[in-house]
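Quick notes on the structure that follows.
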Amino acid sequence: MQRERLLKVLVIGDLGVGKTSIIKRYVHQVFSQHYRATIGVDFALKVLSWDEKTVVRLQLWDIAGQERYGNMTRVYYREAVGALVVFDMTRLSTFQAVLKWKEDLDTKVALSNGRPIPAVLLANKCDQRSQGLCPKLPKLEKFSRQYGFVGWYETSAKDNTNIDAAITCLVKSIVTVEDERAIAGKTEPEGSVLVLPRFDYNTKEKGLCSGCSSLRSRDRD
């Protein structure tokens, strides 16, 4: 008999970095240039056959880019067990906001032991290299490790680059944390998650997932 795991994952980052596009690509395998800006929060659900014994029901919470400046994120973040922090590789200001989003995340939600929830950094819109990338972008492997991300990936929702790999990395980190808690005798989940109705609404990897050796592809440039 399979068991189900219900995981709430946040997708956060500044306005226009491609959060909605990433979710639509991952859940529905579609891409559009014409999504409207998210207002407040939106939801999507992806069901994964994780292994022979486990089905993962992955809730992806699309948090509006301007929400970091409001007080509602504490409500939206509640009971989350992981996060994708997204920036646009062509806009330096969105990268400069990454640490503000990470700090906001870490101050508003944590694991039961007080440690930060697993987060993966997504350098999105890598398909736009010809238009020029952020000139001051640091080595993301060192940056992500320094600031507590469990991994990082260059992604493109348009080209479907590394979307599956990045989210698999995050889910693997979440499951590992929960399994470690179970081994330690804490068998209860991190918290109950709002159950939402199901919505009807691969690639070359460039990045690093700590602890996900099968997904590693380091940028040595």
Heavy-atom pair of closest approach, residues Phe149 and Val120: CD2-C, 4.0 Å
Under 3.5 Å donor-acceptor, Arg57 side chain and Leu6 backbone: no
Heavy-atom side-chain contact between Asp164 and Tyr26 under 4.5 Å: yes
Leu7 vs Val56 side-chain heavy atoms within contact, under 4.5 Å: yes
Smallest separation among heavy atoms of Ala80 and Ile117, with atom names: O-CG2, 3.7 Å
Spacing of CD belonging to Gln59 relative to CD belonging to Glu79, to within rounding of 0.5 Å: 11.0 Å
Short side-chain to backbone donor-acceptor contact, Lys8 and Trp61, under 3.5 Å: no
Check: Leu99 main-chain N/O paired with Glu103 side-chain donor or acceptor under 3.5 Å: no
Nearest-0.5 Å distance that lies between atom CG in Leu10 and atom OH in Tyr77: 6.5 Å
Set of side-chain hydrogen bond (donor to acceptor under 3.5 Å, both in side chains) partners for Lys102, sequence neighbours left out: Asp106
Residue pair Asn124 / Thr155, side-chain donor-acceptor N/O under 3.5 Å: yes
Phe143: ring-ring contact (aromatic ring centres under 6.0 Å, His included) partners, not counting sequence neighbours: Phe95, Tyr147
Exercise: do Asp62 and Thr20 side chains pair donor with acceptor under 3.5 Å: yes
Phe31 and Lys24, any side-chain heavy atoms less than 4.5 Å apart: no
Evaluation steps, side chain to side chain contact (heavy atoms under 4.5 Å, CB included), between Val177 and Leu111: CA-CA 9 Å; Val177 167; Leu111 301 174; 3.8 Å; yes
Side-chain donor/acceptor of Ser173 to backbone N/O of Cys169, under 3.5 Å: yes
Donor + acceptor pair across side chains of Lys158, Ser21 (<3.5 Å): no
Partners meeting side chain to side chain contact (heavy atoms under 4.5 Å, CB included) with Glu52 (sequence neighbours left out): none
Heavy-atom pair of closest approach, residues Val11 and Lys19: O-CD, 3.5 Å
Asp159 (side chain) donor-acceptor with Thr161 (main chain) under 3.5 angstrom: no
Leu122 side chain near Ile22 side chain, heavy-atom distance below 4.5 Å: yes
pair Leu140-Leu121: side-chain heavy atoms closer than 4.5 Å: yes
Asn162 side-chain N/O to Ala165 backbone N/O, donor-acceptor pair under 3.5 Å: no
Results of side-chain hydrogen bond (donor to acceptor under 3.5 Å, both in side chains) for Thr107 - residues two or more places apart only: none
Check: Trp50 and Val171 side chains under 4.5 Å, non-hydrogen atoms: yes
Shortest non-hydrogen contact from Asp127 toward Ser156: OD1-OG, 2.8 Å
Separation between CD of Gln128 and CZ of Arg91, rounded to the nearest 0.5 Å: 10.0 Å
Atom pair CZ (Arg25) and CD1 (Ile163), whose distance is rounded to the nearest 0.5 Å: 8.0 Å
Minimal non-hydrogen separation, Leu105 against Ala119, with atom names: CD2-CB, 4.3 Å
Leu45/Leu58 under side chain to side chain contact (heavy atoms under 4.5 Å, CB included): CA gap, chis, key distance, verdict: CA-CA 6 Å; Leu45 180 67; Leu58 188 64; 5.6 Å; no
Derivation of the side chain to side chain contact (heavy atoms under 4.5 Å, CB included) call for Val27 and Leu60: CA-CA 9 Å; Val27 175; Leu60 296 166; 3.8 Å; yes
Worked verdict on Arg5 versus Val55 for side chain to side chain contact (heavy atoms under 4.5 Å, CB included): CA-CA 6 Å; Arg5 287 184 168 182; Val55 172; over 6 Å; no
Any side-chain donor near an acceptor of the partner, Asp88 and Thr90, under 3.5 Å: yes
Heavy-atom pair with the smallest gap, counting every atom of Lys125 and Val17: CE-O, 3.7 Å
Check: Leu48 and Thr168 side chains under 4.5 Å, non-hydrogen atoms: no
Residue pair Arg74 / Val109, side-chain heavy-atom distance below 4.5 Å: no
Test side chain to side chain donor-acceptor pair (under 3.5 Å) applied to Thr73 and Lys108, step by step: CA-CA 8 Å; Thr73 51; Lys108 292 177 179 176; 2.4 Å; yes
Between Asp14 and Trp101: side-chain donor-acceptor atoms closer than 3.5 Å: yes
